[in-house]
Structure formats: C-alpha cells, structure tokens
Number of protein chains: 4
Amino acid sequence: MAGRPRSIEADAAILEATLEEYKHCGYGGLCVDAVAARAGVSKATIYRRYASKLDLVMASTVAAVPDATSQPDTGSLRGDLIQRLHALRDLLHGTGRVMRRLVSERGDYAELDAAHAQFVAERRAATASLIERAIARGEIAADVDVAFVSDLLAGPLFYRFLVHDDVVDDTYIERVVDAALGAV
Amino acid sequence: MAGRPRSIEADAAILEATLEEYKHCGYGGLCVDAVAARAGVSKATIYRRYASKLDLVMASTVAAVPDATSQPDTGSLRGDLIQRLHALRDLLHGTGRVMRRLVSERGDYAELDAAHAQFVAERRAATASLIERAIARGEIAADVDVAFVSDLLAGPLFYRFLVHDDVVDDTYIERVVDAALGAV
Amino acid sequence: MAGRPRSIEADAAILEATLEEYKHCGYGGLCVDAVAARAGVSKATIYRRYASKLDLVMASTVAAVPDATSQPDTGSLRGDLIQRLHALRDLLHGTGRVMRRLVSERGDYAELDAAHAQFVAERRAATASLIERAIARGEIAADVDVAFVSDLLAGPLFYRFLVHDDVVDDTYIERVVDAALGAV
Amino acid sequence: MAGRPRSIEADAAILEATLEEYKHCGYGGLCVDAVAARAGVSKATIYRRYASKLDLVMASTVAAVPDATSQPDTGSLRGDLIQRLHALRDLLHGTGRVMRRLVSERGDYAELDAAHAQFVAERRAATASLIERAIARGEIAADVDVAFVSDLLAGPLFYRFLVHDDVVDDTYIERVVDAALGAV
DNA sequence: ACCTAAGCGAGACGGTACGTCCCGTCTTCTG
DNA sequence: CAGAAGACGGGACGTACCGTCTCGCTTAGGT
C-alpha cells in the first residue's frame, strides 16, 4: 500500500539548507545536524533520503543543475562547436563538485566507472556526430582525427574547471574552437 | 641538550603511509590513526612532525610531486614545450591517484585550496617563463596570451588523464604543441 | 456515525505479539514497530488502543495473568492455602519469562512501578482474606502477622522459580504450607 | 607496551555520576550524555570502560556494594543462620538491580547462566555446611532436607526484595530463621 | 661512564559529528 | 470511518576520528 508520501517541502528545504551550509562551511565543515536545523527537519528525514553526508551534498548540487537540452544545427561546424562548448561549460559549472567526485573516484567503484564511461561515451559521440556532419558538408577533411579534436576542445575547459576552478567566458570558448579548427 | 634525534625511517614511513591512505580514501576519509598504524609509528610521532592532518597530507603530496626541476633550454619554443609536456605527462603518470584526489577535492576543504593554488601558480609561472623566453627570441608575438596557450597545452593532457585515465604518447604531445603553436 | 468497528483479531494479535516481544527483549528493548510487524498490524492501530508503549505492555501483561479467580472455600485454612499456592505455581509456570521480566525490571522504569505495586497488592489482599476467614473460624490467633505468613508461603515458590528456574511439585507446596502454619 | 593508564578520577567520577543520574531518572530515563557531562568526562571515556548503558549502570551498582566477608562460627545453628541471612540481606540490598538483572536473564545468555549457577551453588554450599555443622553438633536431625530449609530461609528474603523491593529488618530475619527451624 | 634532554610506541582523553534507532504523531490511500 | 503503510520531529544511542596528553622505555650527546 501507499503510506504517507514524502514531504515535498522537506525535499526542497533540505536541498536548500544543504547548499547554504555548504557555501558557508565547505564539505569538511558541513554538519548534518546544522542542515537539519536550518531546514526545520529532523536528521532522520534527511537520512531517509540520502545515505550519507556525501550523498546529500552531491544530490543538492545535482539538483541545482538545469537539464542539458538537445542542440539545434547552427549550420556551421564552428557554430555547432561553440554551442557545444557552451553546454559543456554550463554542465561543469552546474554540477561542480559532482563532476569532480566522478573524476576522483574513477577506479574506486565499479558501478560508478560504468556510469562514468557511458556518460563520457555519449558526449563524445555527440561531438563526433557534429564533426561528421561537417565532413558531410565538406567543411573539413574526411580523415580528421575526431578524438584528438575533441580533446583540444574539451581539454581546456575541463582543465580550467578542475584545476583552476574557473568558469570561462564566451570569448574564451570561441578562441578554443578556433584553435581546434586551426589544427585541422 | 641535544636529546635523541628524530627517526629518519619514521619520516619516510609516515610520508609513504600517508600517500597510500590518501590514494584509497581521499582527504576526508583519511584517518591519522590508520596512517600511524600503516607506518608502524605512533600518532605522537606524526604530530611531532606535522601540526595537523592537513599539514601531513600536504607535505606528503608535495614530497610525492618532484620539483619542476629546471629544464634545459632546447633552443626552440617547440622543443621547450614538448619537453615540458613530457614532464607533465610523467608527473601525472607518476602521481596517479594522488593527483586525481587533489584535483577532485578542490573546494571541499578550504584549507587545502590555498596550497593547491600555490602549487598550480608555480607550475604556470615556469611555463610562462618558457614563453617569455620565446618572445625574447622573437619566435612569437609579444602580445601572446600566455595563460591561454598554457590551457591549450595542459588541457588535453589533464583531460585525457582525469577523464579517460589515459597516458598519452610522444606523438600526441607533439600534436598538442603544434596545435597550440598554430593558434598564436 | 458508527463507522467501521475495531478488529477483534487485531486486539488479540497485538496482545500476543507484545507478550512475545516482551519475553525476548524486556521493556527497554521492546520496540513498538516490532510488535506491530509481528502482529501484522499498523502502529496506528496499536496507538488507537493504547496511549503509550507502557500502556501496551501493562495491558498485555495483565491479560496474560489470569484474574485470581475467586477460590472455593475448602473449609480449612490449610486446604485454602494449598489451593492458593497451587494457583501461584500455575501462574508462575504459565507466565514464565513474562513474570521474570516483570520482576527484574522493578525500579528501572518508574512508570511500570505503580502498575506492579497495584498488581501485587491485589494478590496479597486475596491471601489476606483467606487468613482472616481462618481467624473468623478460630483456626488461628487473631493477631497473626498476615504479611509475614504470606512471605513464608509465596517466598519459597518465587525463589525456586526465579533463582532456580524450578517448578515445584504438590508435595513441596504442602510442606511449605505446613512450615508456614507451624510458625504461627 | 603500556600506554597512558586510565584515569582513576574518571573511573570514580563516572560511577558516581551514574548513580546520581540513576537516582533522579531511573534506568529508562538515564542518558549517557548527561552522565558524561556530570562526570566531566567525554562519552568515549565512558564507552571505553563499559560496552553499553546497561553495563555502565550495572557496574556502578556493583561498585557500590561492599564485599561479603567470611563468616565466623557463632556456636549455634540459629546464630549462624541469622548471620547468614544478614549477609544475604546486605548482598541483595547492595547489588539491587544487578541481582534483578541476573534473575531476569536466566536462559538468555549461556555465559551468564553458568556464572549464575555457580554463584547460587556456592551460596547454597555455604548454607549447607552450616547445617551439617549443626548436625555434627547434634542440634538437628541428620536427615533434614537441606535444600528445603534453604528455600525457607532464602525464599522470603528474595521474595520481599524482588517482588516488594523491601529491605527487611533484623527482627524479620530472626522470625524467618525461627520459622525455618520450627519446620525441622 | 654517567646523565639528561628528547624521541618513541602505546593508548587514554575531551570534543564533535556521524549515522542509527525508536517513540508517538501525522498523513495518505484502501476496504 | 478503521486500518495498513510509512513519513515525520525529537532525542538518545554507540562509533569514529582529531589533536592532546601521559606513561615508561630507548637513544644519543655532553660532561
């Protein structure tokens, strides 16, 4: 049977309180009792939803991220790639810590690895299809190394994000795309 | 007044044990008792050397990352950069999981951030000096964006390492350098 | 206005499940969720009947201890007392672990104490009335210490049950009664 | 090796604080944090010594009991038995709850059962030797049922203690002894 | 050859947060 | 309306770990 449904207000209050505490204290200093108090919720109510403090923080971050929407054809490879990197930047910016965790735990948990691999593969396939579309259009040579171009595009953004904790601007993205296209 | 000197074996055992634990557990999960046990050392012996868990982890990490030993001038910017990326690749390959953890925990523990930032700044300064040398030689324009070129160079390597868990080969490095140089 | 009547099966299942859990866990360890689960009943159904865990346990215990059904007059004090001790022995034997728990938790949970005291008082009053009947019959002196005689009677049976986990036989009971009567 | 020895002040403070809290709150209401606070001690320091709240309370009770000293020959069975019951009364009074627990957990844990059985056997043997001494002296018949007499003696005291939570006075003890002796 | 300052292993300590458990109440849906 | 299911606030439980401390023992260097 059904039972009492989980409180939607609690859901929201928990996530918001977590983000707030997180901002003030960082992960190490975040304390679940404080989150519960701020959310006006008991600890049990939090742990019913999230298995651990880590889970809680990750979920609150994920929840703060808007879904990536599918991308229209802009008519040119350059436009397509710029659009794509915008999406990547927003994804990184939105998921922040979660993406970092994912990166850090490669090899620690088999389940995560599979999910991670699939996630990466999907995104690279999407990028590859952009490039193939450009090849079909005759914009670039047919023998271009798709993986390498992908690295040139995604690399700088990931690097700035993971290592420098920076959000790049639109101009930066255009320069990256131009640099990558200049290499082929 | 001298007293018994500190044990050199303990010094080494502590650092190694810390790295090992850090690899497996990350900063949050690392527990000083476990480090002591693994090192065959008492906790007091650790705290006599390092003021806190943070200190300990930072010291062990720094020790694991060999100094960016000054690199000989190859005579050309291309040669310098290739040499530099080889060093970066070896660094990533050598430190492995430690580097992954380090990157992944950016922002989680405020204390770690400053240390991380300084470490990154040093390495970028080294790269910047290479480029300035090239400017002095007249190899490239004086108004080149050093930070951006650094991103084009380091980005793909970090990306392949962190996201794809790949160690790139020498050819890959040359292509990256050529792509970056082509962009300026 | 009548609505659905309360389930009689639930009534019984709750009491039985409570006793069972009580036997295994005592009052402190008894958990209402477990009782509900064992009874195949929801917690609300329990709390609709009993105001608290204490209420529940008391009710189930009382139900398990059959009323000191009024006992026929055998015509002699000796006969009355033997009959009474038979009843006590059967009570101890019948309630078993429950009685043990009840006794053992005296003073642990203040709420339980009042209930316990009342229960004991009722039984002693019943015994006292037997003795007063004998006084009226002139069988024994009027100034006999009723409480003391009760101790001489009940003491050995409780002792053998609680400390030695023994069920005494009919002969034993007769000897106890004779010893007690000999003392007055 | 040795390591830092446990604090004797802490030992004492914990036991005292526990008794104090116990008096005010009973077992159910006793809260380990409060004990720790009152004792000026951390919770870990308590749990290093006692595995659980129950353990803690039992130990504090046991510690409050003075050891039973060996008993001199008074020259007469009556005197010996009175002395013996005094000791029993003091034991019951002193151990209180612990004795109750012991009684209640018969059959729950095999280790406890053995200890319990041995404890009981020792005490009965001691009582038996008193009686045999009296037989040797010719005070009573050689075919007396020692076990039964023991029941008549110990029964009322246990009964009053366990069921009525009463401490009997010296006169009561004499009357019990006289009643038991009267039965042989 | 001794003495003494310091290092060391062991492990207890105060404090603080964790994640779990359970009580008694509540909310929803089903019969 | 009663009942099953189960979420909820509150609050104690017992655990883990940090950084400090107290032991008794070992290891030099200075006299």
Side-chain angles (χ1 to χ4, degrees), chain A residues 1-7 9-10 28-34 36-37 39-56, chain B residues 1-7 9-10 28-34 36-37 39-56, chain C residues 1-7 9-10 28-34 36-37 40-56, chain D residues 1-7 9-10 28-34 36-37 39-53:
Chain A
M1 312 238 168
R4 175 173 173 178
R6 296 211 176 149
S7 159
E9 294 102 20
L30 183 149
C31 139
V32 178
D33 287 272
V41 141
S42 83
K43 249 198 311 177
T45 298
I46 293 180
Y47 280 103
R48 202 171 292 117
R49 289 163 168 75
Y50 309 102
S52 68
K53 174 170 135 172
L54 176 59
D55 244 49
L56 169 63
Chain B
M1 320 235 157
R4 172 175 174 178
R6 292 198 180 160
S7 157
E9 295 101 23
L30 182 148
C31 133
V32 178
D33 289 86
V41 139
S42 85
K43 252 199 310 176
T45 299
I46 293 179
Y47 278 103
R48 202 170 291 115
R49 289 162 168 74
Y50 307 101
S52 67
K53 170 172 146 172
L54 174 63
D55 250 47
L56 170 64
Chain C
M1 319 232 158
R4 171 175 173 180
R6 292 198 183 162
S7 157
E9 296 102 18
L30 182 147
C31 136
V32 178
D33 290 87
V41 141
S42 85
K43 255 198 309 176
T45 300
I46 292 179
Y47 278 102
R48 203 171 289 116
R49 288 163 168 75
Y50 308 100
S52 66
K53 170 173 147 174
L54 173 64
D55 250 47
L56 170 64
Chain D
M1 314 238 171
R4 175 174 174 175
R6 294 208 178 153
S7 159
E9 295 103 23
L30 183 149
C31 138
V32 178
D33 286 275
V41 139
S42 85
K43 246 196 316 174
T45 297
I46 293 180
Y47 280 104
R48 202 172 291 116
R49 289 164 168 73
Y50 309 101
S52 67
K53 176 171 136 173

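Here is how names work: the chains are called A, B, and so on, in the same order as the sequence lines, proteins then strands, and each is numbered from 1. Bear in mind the structure is a predicted one, so any value in this text is a computation, not a measurement.
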So does [X] get a side-chain nitrogen or oxygen closer than 4.0 Å to the phosphate oxygens (OP1/OP2) of [N]?
X: Thr45(B); N: dG7(E); answer: no
X: Arg49(C); N: dG3(F); answer: yes
X: Ser42(B); N: dC8(E); answer: no
X: Arg6(A); N: dA5(F); answer: no

What contact category does [X] fall into here, base, sugar-phosphate, or nothing, at under 4.0 angstrom with non-hydrogen atoms?
X: Leu56(A); answer: nothing
X: Ile46(A); answer: nothing
X: Ala36(C); answer: nothing
X: Arg48(A); answer: base

Show the distances under 3.5 angstrom between N or O atoms of the protein and N or O atoms of nucleotides 1-4 of chain E.
none

Of the listed nucleotides dG19(F), dG15(E), dG9(E), the one nearest the side chain of Val41(B):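 Ranking dG19(F), dG15(E), dG9(E) by closest atom to the Val41(B) side chain puts dG9(E) first.
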
Once you round it to whole Å, what is the distance between C1' of dC8(F) and OH of Tyr47(C)? 14 Å

Every protein N/O within reach of nucleotides 23-28 of chain F N/O, cut-off under 3.5 Å:
unit_1  : atom_1 : unit_2  : atom_2 : d
dT26(F) : O2     : Arg4(B) : NH1    : 2.7

For a quick check, tell me whether the side chain of Lys43(C) and the base of dG24(E) share a donor-acceptor pair closer than 3.5 Å.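 Flag set: donor-acceptor pair detected.
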
